[in-house]
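For clarity, every value in this text was computed on a predicted model and none was experimentally measured. We're numbering straight along the sequence, starting at 1.
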Amino acid sequence: IVLGSKERAYYFWKALQEKSIFTVISVAPGVPPGKDLIRTAVSARHSKEDFEQIAEALEYAVKKAL
């Protein structure tokens with residue numbers, strides 16, 4: 001999820017963490033400047049309930065961090 005700045009990426013990552021969603025934050029120099037992002041991974045082991053929890057956490061992060 002490209003967020004564009006270190007600050008936005010950090011607050012978005014932190015909000016997901018508050019909802020128990022594990023992601024990895026990547027900021028420059030690990031990614032090009034202005035392309036700071038949150039890395040996610042989805043597997044076949046995720047259930048429908050997992051995806052519902054992820055969707056709710058993403059909505060929370062958007063409201064809180066952006």
- Message: So does Ala28 get a backbone contact from the side chain of Asp36, meaning a donor-acceptor N/O pair under 3.5 Å?
- Response: yes

- Joint cluster assignment, Ile54 & Tyr11, ILVMFWY side-chain distance < 4.5 Å: yes

- Report yes or no: do Leu16 and Leu66 belong to one cluster of Ile/Leu/Val/Met/Phe/Trp/Tyr joined by side chain heavy-atom distances under 4.5 Å? yes

- Message: Show, in sequence, the C-alpha distance, side-chain angles and deciding distance for Ile25 and Ile38, and conclude whether the side chain to side chain contact (heavy atoms under 4.5 Å, CB included) test is met.
- Response: CA-CA 5 Å; Ile25 187 171; Ile38 302 296; 4.1 Å; yes

- Message: Is there a side-chain contact between Tyr10 and Val27 in this structure, where contact means two heavy atoms from C-beta onward sitting under 4.5 Å apart?
- Response: no

- How long is the span from the CH2 atom in Trp13 to the CD atom in Glu18, to the nearest 0.5 Å? 10.0 Å

- Interatomic spacing from CZ in Phe12 to OG in Ser5 - rounded to 0.5 Å: 12.0 Å

- Item | Which atom of Arg39 lies closest to which atom of Val31, heavy atoms considered | NH2-CG1, 3.7 Å

- Message: To check you understand the geometry: which heavy-atom pair defines the closest contact between His46 and Ala41, and what is its length?
- Response: CE1-O, 3.7 Å

- Message: Is there a side chain to side chain contact (heavy atoms under 4.5 Å, CB included) between Lys48 and Glu52? Walk through the geometry before answering.
- Response: CA-CA 6 Å; Lys48 181 179 178 182; Glu52 290 170 358; 3.3 Å; yes

- In this structure, which one of Val2, Ile1, Leu3 forms a side-chain contact (heavy atoms from CB on, under 4.5 Å) with Leu37? Val2

- Query: Going through the distances and angles, do Leu58 and Ile21 end up as a side chain to side chain contact (heavy atoms under 4.5 Å, CB included)?
  - Reply: CA-CA 9 Å; Leu58 288 169; Ile21 302 299; over 6 Å; no

